[in-house]
Amino acid sequence: MRAAVAVFPGTNCEHDVVHGLTSLGGDAELVWHRETDLSGFDGVVLPGGFAHGDYLRTGAIARFSPVMAEVERMAREGLPVLGICNGFQVLCESGLLPGALIANRDLAFICRFVEVEVTDTDTVLTRAAELGQRIEIPLNSYEGSWVDPAGTGRIALRYVDDPNGSQDGAAAVANRRGNVVGVMPHPERGVEGLLGSSDGQILFEGFLRSPVMA
Amino acid sequence: MKVTVEITRRPEIADPQGTTIQRALTDLGHNDVVSVRVDRVIHLDVTGEDPETVRTMVEDMCRQVLANPVLEDFTVAVGE
């Protein structure tokens with residue numbers, strides 16, 4: 001797969017994502033948020049950080065960045081679209097994923113490894129994993145609590161011990177087709193033993209192998 | 001024309017910031033406070049003659065970007 005990794009002003013996890021994807025044999029390339037043509041790419045990742053300073057609300061300004069028209073097109077065409085942390089917030093703001101992210105239940109900025117369990121394997125993030133498989137990767141967020149008043153979200157990963165008050169313990173949420181996924185903890189920070197975990201590999205492997213979802 | 005937009009989080013959505021402030025107030029002896037919610041006020045200066053036209057325009061801005069329809073409601077007050 002040739003994946004685009006979108007960079008907004010304030011994004012700060014883009015190099016980690018490129019490293020994670022390329023270390024698993026993928027082809028990943030940074031694209032600036034003003035890019036208007038992603039036609040050469042098979043998938044796109046919105047990495048973590050603080051896009052546009054998180055002003056107004058997290059992801060609220062980023063969803064209007066020019067590149068988002070292409071992200072929406074790829075989502076529509078069934079191509080894999082993955083938002084990590086701040087990228088998850090951008091996907092919710094843009095309406096590509098249901099719900100929204102609010103401040104953690106205890107108002108703490110949580111920065112530690114968390115254990116998540118795979119609850120749905122028919123998504124671009126979890127297709128290489130097994131149902132019930134437990135994965136340990138770092139969480140690094142303040143506005144990480146997912147709320148979905150409409151109750152339409154499809155939960156791909158669930159916290160084993162919910163750290164932030166996320167609805168139904170959701171750590172990763174997919175759209176109905178499973179080709180658009182937002183994940184709050186960071187798979188790219190758990191792709192090799194040196195980082196303390198290589199559990200994130202199985203998630204990126206699934207993403208890299210994803211076909212177009214019907 | 002001065003316009004004030006008040007964006008309020010829906011009552012059913014948790015407000016951890018409000019809860020934390022309430023707890024602090026209780027710690028300080030203010031035991032009569034039963035609820036605290038923290039909301040957002042945005043002040044705009046908009047060119048335009050007709051208050052109703054300006055109101056409609058700002059309401060559109062609220063639906064488009066200023067408020068998140070999943071979490072928030074808004075009110076628009078148009079001054080002079």
Side-chain angles (χ1 to χ4, degrees), chain A residues 8 51-66 68-69 72 83 86 88-110 141-153 162-170 173 175 182, chain B residues 1-28 30-31 33-47 54-78:
Chain A
F8 300 85
H52 297 277
D54 274 356
Y55 294 142
L56 191 60
R57 295 177 307 278
T58 57
I61 310 291
R63 69 159 289 205
F64 294 107
S65 274
M68 288 305 294
E72 282 164 26
N86 192 222
F88 184 3
Q89 295 159 341
V90 176
L91 291 175
C92 284
E93 277 287 338
S94 69
L96 291 174
L97 286 176
L101 288 135
I102 64 170
N104 294 337
R105 180 186 46 212
D106 301 324
L107 281 189
F109 189 103
I110 302 172
S141 51
Y142 177 72
E143 269 141 336
S145 183
W146 180 70
V147 292
D148 180 24
T152 55
D162 179 13
N164 57 18
S166 200
Q167 188 170 320
D168 298 323
V173 173
N175 64 347
Chain B
M1 206 171 283
K2 305 286 188 197
V3 182
T4 304
V5 177
E6 194 180 73
I7 295 162
T8 53
R9 189 174 287 205
R10 299 227 175 88
E12 68 270 24
I13 306 288
D15 177 18
Q17 195 177 178
T19 309
T20 303
I21 292 170
Q22 185 190 351
R23 205 177 301 136
L25 290 171
T26 305
D27 287 348
L28 292 167
H30 301 290
N31 296 309
V33 180
V34 289
S35 168
V36 176
R37 304 284 290 187
V38 180
D39 288 316
R40 188 194 300 268
V41 176
I42 301 176
H43 304 281
L44 295 92
D45 196 349
V46 183
T47 54
V54 168
R55 171 189 300 282
T56 305
M57 185 169 68
V58 174
E59 284 175 350
D60 284 344
M61 293 178 201
C62 287
R63 278 185 284 268
Q64 186 184 19
V65 61
L66 298 181
N68 179 331
V70 176
L71 305 173
E72 298 165 332
D73 296 315
F74 58 84
T75 55
V76 175
V78 182

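Just so we're on the same page: letters track the sequence lines, and every chain starts at 1.
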Record all donor-acceptor atom pairs with a distance under 3.5 Å between chain B and chain A; write none if the list is empty.
unit_1, atom_1, unit_2, atom_2, d
B/R40, NH1, A/L56, O, 2.8
B/R40, NH2, A/L56, O, 2.5
B/V65, O, A/R57, NH1, 3.1
B/V65, O, A/R57, NH2, 2.8
B/L66, O, A/R57, NH1, 2.8
B/N68, ND2, A/E93, OE2, 3.0

Scored by heavy-atom pairs under 4.5 Å with chain B, the best of A/C92, A/G99, A/A60 is A/G99
Okay, B/I7 and chain A: the region with an atom under 4.5 Å from a heavy atom over there is neither
On a heavy-atom basis, the closest approach of A/A103 and B/P16 is O-CG, 3.6 Å
Looking only at heavy atoms, the pair that brings B/A14 and A/I102 closest together is O-CD1, 3.7 Å
